[in-house]
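In each ligand, atom 1 is the first atom listed, and ligand 1 is the first ligand listed.
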Amino acid sequence: MRDREFSESLLAWYDAHARVMPWRVGPADRRSGVRPDPYRVWLSEVMLQQTTVPAVREYFVRFTARWPTVSDLAAAADEDIMGEWAGLGYYARARNLAKCARLVTVEHGGQFPDSRQELQALPGIGPYTASAIAAIAFDRPETVVDGNVERVMARVFLVRTALPKAKRNLADLAQRLTPRHRPGDYAQAVMDLGATVCTPRIPACGVCPWMSSCAARKAGLQAELPRKLPKVAKPTRRGIAYVGRRTDGAWLLERRPDTGLLGGMLGWPCSDWTDSPAPAPPVKADWRDPGVQVRHTFTHFHLHLSLRVAELPTDVRPDVGGFVHPADFRPSDLPTVMRKAYDLVARPDN
Ligand code: SF4
């Protein structure tokens with residue numbers, strides 16, 4: 001199959017099988033002239049960084065109902081954005097989201113720029129996201145390469161070199177196939193193919209539009225590719241989280257510094273997260289060990305978080321954090337690791 005035939009057969013497949021997503025303008029609507037809203041494309045692509053489609057759907061719908069335009073989001077308070085983002089992880093994305101929305105509103109008159117280079121100059125938009133927005137929102141012939149696309153390329157072209165060494169080669173192959181005609185639909189089509197047909201373990205080659213040309217299928221190696229170097233085991237860190245509640249019902253919480261892990265998010269005051277953390281109660285009190293532990297995995301380490309709980313008098317003055325009245329406290333505003341602690345020791349139905 002020639003390069004052009006690859007894109008044409010994939011686009012024909014996409015016309016019939018495109019996944020329906022709340023941020024997507026499907027192929028039939030595109031044909032009838034509907035244009036994607038760059039704000040929705042940008043928001044979805046930022047949410048999808050490191051996160052799966054099913055996890056993002058609900059967040060996307062909530063964000064766009066609350067902030068239908070980039071200017072609405074730009075006018076939102078940081079705490080509200082961080083609160084809506086809670087649970088989605090990688091919180092630097094939410095901080096950059098707010099910065100980017102304000103910059104687009106103030107410096108670009110509320111219009112996203114339409115080239116990869118200009119998009120990449122905005123906060124929180126790296127090369128992948130810039131290419132995805134340029135292709136999907138503006139139909140620029142940019143190549144979008146994520147794990148799905150790498151897998152498909154490694155199989156179609158029988159690339160036996162292991163990842164990450166094969167990355168450059170796989171990106172070049174993906175670029176070779178990117179068409180000038182309907183590049184936005186093509187970018188979404190190749191991602192859909194990787195997510196629904198050319199899946200990691202058991203690819204459904206029988207329904208694949210590239211079946212007749214796929215070298216890995218011919219060699220019977222489709223399930224073995226792409227090869228990957230063995231992952232380094234993640235270390236385990238430990239920590240202590242202090243779940244304190246005043247007798248009037250207010251919770252003792254702290255907003256974490258803007259930079260670093262869970263930056264800008266609300267959480268329970270904690271010790272350091274190290275091999276052997278020193279106790280660091282936020283206030284002197286009768287901290288009790290409930291005998292349960294939160295386990296959570298971040299990108300680079302596992303965390304075992306011991307919990308301490310205490311009831312605090314109304315006149316207490318904490319060294320860190322502040323009290324949040326029950327009426328202003330939404331457990332859903334907590335990042336997942338902090339939410340797990342709440343669920344274990346503080347949720348009313350415990
Ligand atoms: S034929 Fe099979 S292995 Fe090859 S691209 Fe299609 S689904 Fe993937």
For atom 8 (Fe) of ligand 1, grab the closest protein heavy atom and report residue, atom and distance to one decimal in Å. Cys198 SG, 2.4 Å

N, O or S from Cys214 under 2.8 Å to atom 4 (Fe) of ligand 1: yes

Should the pair Trp67 and Phe63 be assigned to parallel (<30°), tilted (30 to 60°) or perpendicular (>60°) ring geometry? perpendicular

Are the side chains of Arg288 and Val243 in contact, using a 4.5 Å heavy-atom criterion? no

Can the positive tip of Arg237 be found less than 6.0 Å from the middle of the six-membered ring of Phe301, inside 45° of the ring normal? yes

What part of Val156 sits under 4.0 Å from ligand 1 if we count only heavy atoms: the side chain, the backbone, both or neither? side chain

I would like to know whether Lys284 and Asp319 meet salt bridge (Lys or Arg N to Asp or Glu O under 4.0 Å); could you show each step before the answer? CA-CA 9 Å; Lys284 217 164 159 231; Asp319 297 332; over 6 Å; no

Relative to each other, are the rings of Trp268 and Tyr342 parallel, tilted or perpendicular (30° and 60° limits)? parallel

Taking all non-hydrogen atoms of both residues into account, name the closest pair between Arg57 and Pro22 and its distance. NH1-CD, 3.4 Å

List the closest protein heavy-atom neighbour of atom 3 (S) of ligand 1: residue, atom name, distance to the nearest 0.1 Å. Gln222 CB, 3.5 Å

The protein heavy atom nearest to atom 6 (Fe) of ligand 1 is Cys208 SG, 2.4 Å

Proximal ligand 1 atoms for Met211, defined as those under 4.0 Å from one of its heavy atoms: 1 (S)

Protein heavy-atom partner closest to atom 2 (Fe) of ligand 1 - residue, atom, separation in Å: Cys205 SG, 2.3 Å

